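One structure below.
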Protein chains: 2
Amino acid sequence: MNTNHEVIRRLSKYRNVMRKMKELGLVKVFSDNLADAVGVSPSLVRKDFSMFNLTGNKRGGYRIDDLVSKLNVLLGKDKKQKVVIIGCGKLGQALMNHNGFPRVGIRVVAGFDSDPAVLDAEAPIPILHIKEIKDFVTKNQISVAALTVPEPCVQGMVDTLKKTCVKGVINFAPLPLKSSDGFLVHNMNMEQEIENLFYNIHFAETNPTDSDI
Amino acid sequence: MNTNHEVIRRLSKYRNVMRKMKELGLVKVFSDNLADAVGVSPSLVRKDFSMFNLTGNKRGGYRIDDLVSKLNVLLGKDKKQKVVIIGCGKLGQALMNHNGFPRVGIRVVAGFDSDPAVLDAEAPIPILHIKEIKDFVTKNQISVAALTVPEPCVQGMVDTLKKTCVKGVINFAPLPLKSSDGFLVHNMNMEQEIENLFYNIHFAETNPTDSDI
DNA sequence: TTATTTATGTTATATAAATCACATAAACTC
DNA sequence: GAGTTTATGTGATTTATATAACATAAATAA
Ligand SMILES: NC(=O)c1ccc[n+]([C@@H]2O[C@H](COP(=O)([O-])OP(=O)(O)OC[C@H]3O[C@@H](n4cnc5c(N)ncnc54)[C@H](O)[C@@H]3O)[C@@H](O)[C@H]2O)c1
Ligand SMILES: NC(=O)c1ccc[n+]([C@@H]2O[C@H](COP(=O)([O-])OP(=O)(O)OC[C@H]3O[C@@H](n4cnc5c(N)ncnc54)[C@H](O)[C@@H]3O)[C@@H](O)[C@H]2O)c1
């Protein structure tokens, strides 16, 4: 399939909007509604759906229920998505206790750290020693980790994880890690994002429909 | 100018790479070097520079010193970039104490919260009551805020900030806020990013050169 | 000094992504 | 039940973004 890289991100947004619409008691939705909510054109909404054979009714739009459950399967949201947090410092601990994750089916199953002071194997979400990472991810079939270790440790940690069943990481250190063969990296670079926002505010011509990035 | 939306982000990456090269004692850099480091083609690096009249030497590449200081001006990194954190809970506190920000010239000048229990006007980075936000940003000429309040408060907070000198926010709540007229929003949606990573791992055809997003 | 090498700067080309436009079919109207 | 409305689904077109190609000028070598 000729899958555009942004389309999955948009499907996820459509899904979230529809989940909220459903809570309001709504039953159907039109491409115009989703377009407005997500900030794209209606035709792109339809094309995105069409690309994955998500069909609606020639007049009555799409049935929310139907579409959400199909999207759940498509996006893998019908299964619990297990992640581990590597580096339980300020940011790592915030992520471990973030209640937004369980709400959307993301389950933080453990944290790992090298500092004995922060370890706690008995906590609801245990914090284990980093030396146990390989065993743990293997035993628990973890495919995703969040990297919240100091920048100098990041590359080494990636090299370690590559030898396990972990297939991708969200990297929070401000260095642009690159994906390779079977190992995907998504970078969340807050410094970069703030710098970029400053630039757009102070130097870029103000473009009203500048997208949310 | 016909500015591509991604180019500023790349300039920022080039700059970071060059700063590190400089620390290693290097003096000049070639488009190939930056291309490798950032994961784009050398011609794109040159085009990005050319777009902003950043020129090198027909044979000897670019002088790092020169380029970094020009990029500093271009990106506004020659001035301190002041931000406030709105919502000093788990994530907000992590951001307030994040040592990566000062390191790149981003200064968190204050936090704001509605919960009296977390206020501390005497701390090095004071945490003030949210009712003081308007006065503070006006007096201190703040143009950027990080939004780390619970999702239901986000829209209201944006409406408040729009009436001040704040011209943009980084939104950490998992709802896709849209930019409008003179008010820019950059969304950092971790839930979305993790979902997307899961999808790419489990369903997408493994594409080695899948970019860092 | 002349030839050769090499990396820039820029134009031409290719690829990717989004919008436009419209034929189509379902649902309403009279 | 014929005509009208309306929103989907998709091919054609436009716009955006990245790569490839190459002429050019500085540096080196002969
Ligand atoms: N604090 C933030 O809000 C924030 C924001 C953006 C990015 N980040 C990035 O996230 C990372 C962590 O930041 P932080 O502020 O939480 O730092 P921190 O110092 O509070 O936490 C880092 C943790 O990693 C642990 N650690 C160090 N080496 C390790 C190793 N080899 N194996 C396992 N654990 C190890 C430390 O013991 C510590 O607990 C950094 O790369 C930082 O740039 C943080
Ligand atoms: N914790 C994380 O790691 C994490 C990760 C991703 C996104 N987020 C998002 O960041 C936001 C904050 O998450 P958190 O985990 O820090 O939550 P939290 O409950 O720990 O913190 C929220 C803070 O906002 C304050 N607050 C509430 N209403 C306010 C108002 N009207 N004005 C000012 N302050 C107000 C609360 O007093 C509290 O201190 C949420 O939207 C969440 O979805 C958090």
Side-chain angles (χ1 to χ4, degrees), chain A residues 1-11 13-14 18 21 26-64 66-67 70-71 176 178 196 204-205 207 209-213, chain B residues 1-11 13-14 18 21 26-64 66-67 70-71 176 178 196 200 204-205 207-213:
Chain A
M1 206 189 308
N2 190 9
T3 307
N4 171 321
H5 276 173
E6 287 301 309
V7 66
I8 295 299
R9 217 174 284 270
R10 286 195 298 268
L11 289 178
K13 287 183 190 174
Y14 303 146
M18 285 189 281
M21 289 176 80
L26 298 175
V27 174
K28 47 189 179 178
V29 64
F30 304 114
S31 58
D32 278 61
N33 301 139
L34 293 172
D36 289 338
V38 170
V40 297
S41 70
S43 60
L44 185 56
V45 175
R46 298 197 295 274
K47 189 168 253 186
D48 286 344
F49 287 162
S50 143
M51 193 164 251
F52 290 92
N53 298 317
L54 301 169
T55 61
N57 309 295
K58 266 285 185 199
R59 186 161 159 166
Y62 302 84
R63 291 200 63 83
I64 291 178
D66 186 41
L67 206 42
K70 278 178 181 161
L71 281 175
K178 275 173 288 180
N196 200 229
E205 67 291 319
N207 177 357
T209 46
D210 207 352
S211 85
D212 52 312
I213 299 160
Chain B
M1 205 188 309
N2 192 7
T3 309
N4 173 319
H5 276 172
E6 287 301 309
V7 66
I8 294 299
R9 217 174 284 270
R10 285 194 301 267
L11 289 179
K13 286 183 191 173
Y14 303 147
M18 285 188 281
M21 290 175 80
L26 299 175
V27 173
K28 47 190 179 177
V29 64
F30 303 114
S31 58
D32 278 61
N33 300 139
L34 294 171
D36 289 339
V38 170
V40 297
S41 70
S43 59
L44 185 55
V45 175
R46 299 197 294 275
K47 187 176 252 189
D48 285 345
F49 287 163
S50 141
M51 194 164 254
F52 290 92
N53 298 315
L54 302 169
T55 62
N57 308 296
K58 266 284 188 213
R59 189 165 156 160
Y62 302 84
R63 291 198 64 83
I64 292 178
D66 186 41
L67 206 42
K70 278 178 182 162
L71 281 175
K178 276 172 288 179
N196 199 229
N200 287 330
E205 65 292 317
N207 177 357
T209 46
D210 205 352
S211 86
D212 53 311
I213 301 160

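Note on naming: letters A, B, ... go to the chains in the order of the sequence lines (proteins, then strands), and numbering restarts at 1 for each one. Everything quoted here is computed from the prediction, not taken from an experiment.
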Listed partners of A/R59 passing side chain to side chain contact (heavy atoms under 4.5 Å, CB included), at least two apart: none

Which residues share a side chain to side chain contact (heavy atoms under 4.5 Å, CB included) with B/N57, sequence neighbours left out: B/R63

Compare every heavy atom of [Y] with every heavy atom of [X], then report the nearest pair and how far apart it is.
X      : Y     : result
B/I64  : B/L26 : CD1-O, 3.8 Å
A/M21  : A/K28 : CE-O, 4.3 Å
B/K178 : A/G39 : CD-CA, 3.8 Å

Interface with DNA chain D, restricted to residues 40-48 of chain B and to heavy atoms under 4.0 Å: B/S41, B/S43, B/L44, B/R46, B/K47

Sugar-phosphate only, base, or nothing, as touched by B/F49 at under 4.0 Å among non-hydrogen atoms: nothing

Grab the [atom1]-[atom2] distance between [X] and [N] for me, whole Å please.
X     : N      : atom1 : atom2 : result
A/L67 : D/dA7  : CG    : P     : 17 Å
B/E6  : C/dT15 : CD    : C1'   : 16 Å
B/F30 : C/dG9  : CZ    : C1'   : 16 Å

Sequence-distant partners of A/K70, salt bridge (charged side-chain N to carboxylate O under 4.0 Å, His left out), two or more places apart: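 Once residues adjacent in sequence are excluded, the partners of A/K70 under the salt bridge (charged side-chain N to carboxylate O under 4.0 Å, His left out) criterion are A/D66.
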
Donor-acceptor list for residues 42-54 of chain A side chains, cut-off 3.5 Å, not counting sequence neighbours:
from  : atom 1 : to    : atom 2 : distance (Å)
A/S43 : OG     : A/S41 : OG     : 3.3
A/R46 : NH1    : A/S31 : OG     : 3.1
A/D48 : OD1    : A/R10 : NH2    : 3.0
A/D48 : OD2    : A/R10 : NE     : 2.7
A/D48 : OD2    : A/R10 : NH2    : 3.4
A/D48 : OD2    : A/Y14 : OH     : 2.7

Below 4.0 Å: OP1/OP2 of C/dA7 and any side-chain N or O of B/S31: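 For B/S31, the contact criterion (side-chain N or O under 4.0 Å from OP1 or OP2 of C/dA7) is not met.
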
Could you go through nucleotides 27-30 of chain C and list every protein N or O atom that sits under 3.5 Å from one of its N or O atoms, giving the distance for each pair?
from   : atom 1 : to    : atom 2 : distance (Å)
C/dA27 : N3     : A/R59 : NH1    : 2.9

